[in-house]
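The figures here come from the full heavy-atom set of this structure, side chains too, leaving out hydrogens, waters and symmetry mates.
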Amino acid sequence: MTTLQHGETTIPALVARAAAEFGDREAVVDGNERLTFEQLASRVRQAGRAMIAWGVGPGDRVAIWAPNSAEWIVTALGAVSVGAVLVPLNTRLRAAEVGYVLKKSAAKLVAVSGEFLGVDYVARLTAIRDELPGLETLTAFTDGGLPPVVSRRQFRAPGMKVPASVFDEAAASVTPDSPGDLFFTSGTTGNPKGVITTHGQSTRAFHQWSEIVGLRAGDRYLIANPFSHTFGYKAGILACLMRGATMVPLASFDAEALFETVERERITVFPAAPAVYQMMLAHPELGKHDLSSLRAAATGAAVIPVELIHRMRDTLGLESVITAYGLTEATGVVTMSRDGDDPEVIARTSGRAIEGVQVRIAGGTNEILVSGYNVMRGYFEDEDATAEAIDADGWLHTGDVGELDAAGNLRITDRIKDMFICGGFNAYPAEIEQVLLTYPGVQEAAVVGVPDERLGEVGKAFVIVAPGREVAPEALIEHAGERLANYKVPRHVEVVEAFPRSSLGKVLKRELR
């Protein structure tokens, strides 16, 4: 196995080492399906040989459009083990959005789930198949299938004729500098852009992430974050392979299913967005389940109430809560808090830069800039966008606004594009939301700028109220007025049942606007 500094290696080498080191320990639990690390490696080899049989080679793009599952793990690892570049697709995307990504990436093979949450992914993709001249193979995670869709059984069969030595040669030809994945950004402005990162960047970054979170052999890790996002794939699948932890994928977020899985599988590690922990803590069924196995959590967002950190420790019994900041263009991780940090530091900041990474704040705009091994290789086939994002000195311009304290802890104050200008003054929603969250009964808050004839823009707050509580909009505005400069105080408050969210639980501000 090629081992470079700080855990830098390749993903096929990770799979092989995990099989050798952790052998008959459980690697994946997906409903009734249970795979040991040896069995996982065998299934990955089978998937890789099938990829080769269907004409997939080094550098070819392989897309997966499916929810979290054992099949997703096996297919993805099989593809990257033979040098293909993984293109994960969010299950929430519409057919037209998927069509754009597949066309832009020139994906050669696409694997899809069967029906999921009432959506027939095979039918959606079959409908746009003619628009994708580069797509050679469409395979489904089901055993039934009609042309042009290849069933799971039909996909695997030709791989049996590919000698194991051919797979081994393909896996050995992958280097830490080989491109490993092509994640497309959410595309809040214009079409989404494909971010290229290598095997070595991902393994090195999440070697550090795993060390800091304290992930260890024998941990049972509930992966609710979608594999279509760097957090689910890299902090989930790759981290578990490195540390010998059991992966327990959750196909979709449902509080009851989550509680039952934690209880049944004795889950010890559960990273998620802050909103997920808030939903857990507010859920009426929380006290009916034994969640005492939980030990460690990792989360990240611009706004995390200090009270949430205390409740995660006191009510959920978490010994370790780590906050982090990352973005797809920086391989998913930039800064992390450390075990033992004060709850105020964990809640108010996203911790300090990981080893080998530098963070600085640009003068004037307060934009967060990142430099180091984790900065993407560039946007796929888009030199102009790459040059705009990464300056001549190699600093990635994140589009996030923040500040560093004396200890180097990063505090995210907002996205540049989320800022609104009220009466000539810059107002940052994250700062306003933090104040609104201190009002009794406010469970979540999201602030956006809305047009105003006199001031140009003013703040409008959307709030979710905790069960059994009431919040009067006028009282909340008064509360903010006592704690914030006038131009920051929301002029409008709307109480809502829920926020529009991304698959990771982030609030979609553009939809609120």
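Relative orientation of the Trp72 and Phe227 rings is tilted, given thresholds of 30° and 60° on the angle between their planes. Aromatic ring pairs are classed by plane angle as parallel below 30°, tilted from 30° to 60° and perpendicular above 60°; the pair Phe231 and His229 is perpendicular.
No side-chain donor-acceptor contact under 3.5 Å links Ser350 to the backbone of Thr323. With hydrogens and angles disregarded, a donor-acceptor distance shorter than 3.5 Å links the side chain of Thr185 to the backbone of Lys193. Of the possible polar contacts, one joining the Asn68 side chain to the Asn225 backbone as a donor-acceptor pair under 3.5 Å is found. Trp65 places a side-chain N or O within 3.5 Å of a backbone atom of Asn90 that can act as its donor or acceptor partner. Of the possible polar contacts, one joining the Thr386 side chain to the Asp382 backbone as a donor-acceptor pair under 3.5 Å is found. Of the possible polar contacts, none joining the Gln278 side chain to the Leu308 backbone as a donor-acceptor pair under 3.5 Å is found. Under the 3.5 Å distance criterion, the side-chain polar atoms of Glu367 are matched with a main-chain donor or acceptor of Thr398. Between the side chain of Arg411 and the backbone N or O of Asn409 there is no donor-acceptor pair closer than 3.5 Å. A donor-acceptor pair is defined here as one N or O able to donate and one able to accept, closer than 3.5 Å; no such pair exists between the side chain of Asp219 and the backbone of Tyr221.
For the atom pair NE2 of His397 and CG of Asp391, the computed distance is 3.5 Å after rounding to the nearest 0.5 Å. A distance of 11.0 Å separates CD1 of Ile322 from OG1 of Thr299, quoted to the nearest 0.5 Å. Going from atom CG of Leu286 over to atom CZ of Phe259 covers 5.0 Å, rounded to the nearest 0.5 Å. Taken from CZ in Phe499 to CG in Leu508, the straight-line distance is 11.5 Å, to the nearest 0.5 Å. Atom-to-atom distance recorded for Met242:CE and Leu14:CG is 5.0 Å, nearest 0.5 angstrom. For the atom pair CZ of Phe184 and OG1 of Thr328, the computed distance is 11.5 Å after rounding to the nearest 0.5 Å.
For the residue pair Asp290 and Ser292, a side-chain donor N or O sits within less than 3.5 Å of a side-chain acceptor on the partner. For the residue pair Thr36 / Asp24, no side-chain donor-acceptor distance below 3.5 Å is found, with atom types taken as modelled. For the residue pair Ser69 / Asp30, no side-chain donor-acceptor distance below 3.5 Å is found, with atom types taken as modelled.
Counting heavy atoms from C-beta outward, Ile354 and Tyr373 have side chains that approach closer than 4.5 Å. The shortest distance between side-chain heavy atoms of Met376 and Ile196 does not fall below 4.5 Å. In this structure, Leu40 and Phe22 have side chains that are not in contact, with every pair of non-hydrogen atoms separated by 4.5 Å or more. The shortest side-chain heavy-atom distance between Arg45 and Val15 does not fall under the 4.5 Å cut-off. Trp395 places a side-chain heavy atom less than 4.5 Å from the side chain of Gln358. Looking only at side-chain heavy atoms (C-beta outward), Val262 and Ser293 come within less than 4.5 Å of each other. Between Pro58 and Ser178, every side-chain heavy-atom pair lies at or beyond the 4.5 Å cut-off. Residues Met280 and Leu316 have side chains in contact (heavy-atom distance under 4.5 Å, counting atoms from C-beta outward).
Ion pairing between a basic and an acidic side chain is recognised when a charged N comes within 4.0 Å of a carboxylate O; Arg43 and Glu33 show such pairing. A salt bridge does not link Glu97 with Arg92: none of the charged nitrogens is closer than 4.0 Å to a carboxylate oxygen. Between Arg348 and Asp405 there is no salt bridge, since none of the side-chain N atoms of the basic residue sits less than 4.0 Å from a carboxylate O of the acidic one. A salt bridge links Arg352 and Asp341; the closest N-O separation between the charged side-chain nitrogens and carboxylate oxygens is under 4.0 Å. Ion pair Arg17/Glu21 flagged as a salt bridge, since at least one NZ, NE, NH1 or NH2 atom sits closer than 4.0 Å to an Asp/Glu carboxylate oxygen. Note on Glu433 versus Lys509: salt bridge recorded, some NZ/NE/NH1/NH2 to OD/OE distance being below 4.0 Å.
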Q: Just do the side chain to side chain contact (heavy atoms under 4.5 Å, CB included) check on Val507 and Phe462 with the steps written out, would you?
A: CA-CA 11 Å; Val507 178; Phe462 294 85; over 6 Å; no
Q: Start with the C-alpha gap between Val80 and Thr10, add the side-chain angles, then the distance that decides, and say whether side chain to side chain contact (heavy atoms under 4.5 Å, CB included) holds.
A: CA-CA 9 Å; Val80 298; Thr10 69; over 6 Å; no
Q: Could you walk me through whether Glu444 and Arg501 pass the salt bridge (Lys or Arg N to Asp or Glu O under 4.0 Å) test, one step at a time?
A: CA-CA 13 Å; Glu444 291 187 71; Arg501 298 184 188 276; 2.8 Å; yes
Q.
Quick one, Tyr325 with Val359, criterion side chain to side chain contact (heavy atoms under 4.5 Å, CB included). Give me CA distance, side-chain angles, the key distance, then yes/no.
A. CA-CA 11 Å; Tyr325 164 69; Val359 176; over 6 Å; no
Q: List the steps, then state whether side chain to side chain contact (heavy atoms under 4.5 Å, CB included) holds for Ile237 with Met247.
A: CA-CA 7 Å; Ile237 298 171; Met247 305 170 225; 4.1 Å; yes
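For the residue pair Pro249 and Ala70, the shortest heavy atom distance occurs at CG-N, 4.2 Å. Considering all non-hydrogen atoms of both residues, Arg338 and Ala353 come closest at NH2-O, 3.3 Å. Looking at every heavy atom in both residues, Ile346 comes nearest to Ile309 through CG2-CD1, 3.8 Å. Residues Ala19 and Ala41 approach most closely at CB-CB, 3.6 Å, considering heavy atoms. Considering every non-hydrogen atom in both Glu511 and Pro500, the closest pair reads OE1-CB, 3.2 Å. When all heavy atoms of Val98 and Leu93 are compared, the pair lying nearest together is CG2-CB, 3.7 Å.
Remark: of the listed residues Thr331, Thr197, Thr203, Thr197 is the sole one forming a side chain to side chain donor-acceptor pair (under 3.5 Å) with Lys234. With respect to His289, the side chain to side chain donor-acceptor pair (under 3.5 Å) criterion is satisfied by exactly one of Arg264, His283, Glu263: Glu263. Here the rule is side chain to side chain contact (heavy atoms under 4.5 Å, CB included) with Asn374, and of Leu396, Leu327, Val333, Val334 only Val334 fits it.
Counting heavy-atom neighbours within 6.0 Å of Glu383 CD, excluding the residue itself, gives a total of 12 or less. Atom CD of Glu256 sits in a crowded spot, with more than 12 heavy atoms from other residues, nucleotides or ligands closer than 6.0 Å.
By the ring pair (Phe, Tyr, Trp, His ring centres under 6.0 Å) test, Tyr277 is found to be paired with Phe270, residues two or more places apart in sequence or in another chain being considered.
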